Amino acid sequence: MKRKITIFILIIAICIGAGLFVNQLVNGTKQVGSQEGMLTESIHLEDANGQTADVFEPKNRVTVLNVWATWCEPCVRELPALMELASDYQSKGVDVVTLNAQKFERIPEHTFEFMEEQQLTLPVFLDSEGEFFDAYNVQGLPTTFIVDADQIIVKRIEGEVHYEMIQEIIDPLLTSH
């Protein structure tokens, strides 16, 4: 009797699994997550102006999100290229936003002084509790996410980026949508 129950439960589990697989295949449903090919997770954080918003707010635009900290030398080096990219691509359907790793700053209050010193013109989200770091499994800085207009993570880059590197990734996204 136990054997029949075990077989019955196994058959049901297989049917449910197959049904979920077929449903995902037919509907093209994307899994929410932090890796390339996954749909972005909605995370609301405060920005440098004190407003709360979704980091990857759906806007039908390509988004370049760069995660940085004031003490991170590669982060500082790449900021001018990101600002230039934002200026060149804003009218083409690309938003470049940044996220400061507030939780990992030595003195979080210095972030605003740093932004002023660097003449940072990009929008800045503040991850004071490490919520984004946890949800997106950020392991090091800088980390850059490139998200298409459908909110799919196209590229996750851990390490320093430069203008041409991002340009090569976003240009095809603009012509395909």
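Sequence positions, counted from 1, serve as the residue numbers for this chain. In this text, all values refer to a predicted model and were calculated from it rather than measured experimentally.
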*List the steps and the verdict of side-chain hydrogen bond (donor to acceptor under 3.5 Å, both in side chains) for N66 and T144.*
CA-CA 4 Å; N66 178 263; T144 302; 2.8 Å; yes
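- For the pair V124 and D47, the minimum side-chain heavy-atom distance is 4.5 Å or more.
- The side-chain heavy atoms of V154 and L173, taken from C-beta on, include a pair separated by under 4.5 Å.
- One hydrophobic cluster, built from ILVMFWY side chains closer than 4.5 Å, holds both V147 and I43.
- The stretch residues 122-138 participates, sequence neighbours left out, in no salt bridge (charged side-chain N to carboxylate O under 4.0 Å, His left out) pair at all.
- Side-chain contact annotation: T63 with D95, donor-acceptor N/O pair under 3.5 Å absent.
- Following chains of ILVMFWY side-chain contacts shorter than 4.5 Å, one can reach Y163 starting from V62, so the two form part of one hydrophobic cluster.
- R61 places a side-chain N or O within 3.5 Å of a backbone atom of Q90 that can act as its donor or acceptor partner.
- The aromatic rings of F145 and F56 stand perpendicular to each other, their planes meeting at an angle above 60°, with 30° marking the opposite boundary.
- Looking only at atom types and distance, the side chain of Q102 has a donor-acceptor partner in the side chain of T111 under 3.5 Å away.
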*Could you give me the CA-CA distance, side-chain angles and deciding distance for F132 and F125, then say whether ring pair (Phe, Tyr, Trp, His ring centres under 6.0 Å) is met?*
CA-CA 10 Å; F132 185 89; F125 285 96; 8.9 Å; no
*side-chain hydrogen bond (donor to acceptor under 3.5 Å, both in side chains) between T70 and E105: does it pass, once the steps are laid out?*
CA-CA 7 Å; T70 60; E105 288 288 3; 2.5 Å; yes
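- Of the possible polar contacts, none joining the W68 side chain to the L79 backbone as a donor-acceptor pair under 3.5 Å is found.
- The same ILVMFWY cluster, assembled from side-chain heavy atoms under 4.5 Å apart, contains both I170 and M165.
- Of the possible polar contacts, none joining the D150 side chain to the I152 backbone as a donor-acceptor pair under 3.5 Å is found.
- If you take CD on Q139 and CD on E158, they are separated by 7.0 Å, rounding to the nearest 0.5 Å.
- The disulfide bond (SG atoms under 2.5 Å apart) analysis of residues 58-128, with sequence neighbours excluded, yields the pairs C72-C75.
- S34 and E41 are not linked by any side-chain donor-acceptor pair at a separation below 3.5 angstrom, with hydrogens and angles left out of the test.
- Applying the salt bridge (charged side-chain N to carboxylate O under 4.0 Å, His left out) test to residues at least two apart or on different chains, the pairs with a partner in residues 72-84 are R77-E160.
- Counting heavy atoms from C-beta outward, R156 and Q35 have side chains that approach closer than 4.5 Å.
- Considering Q118, E116, H110 as possible partners of F114, the one that fulfils the side-chain contact (heavy atoms from CB on, under 4.5 Å) test is Q118.
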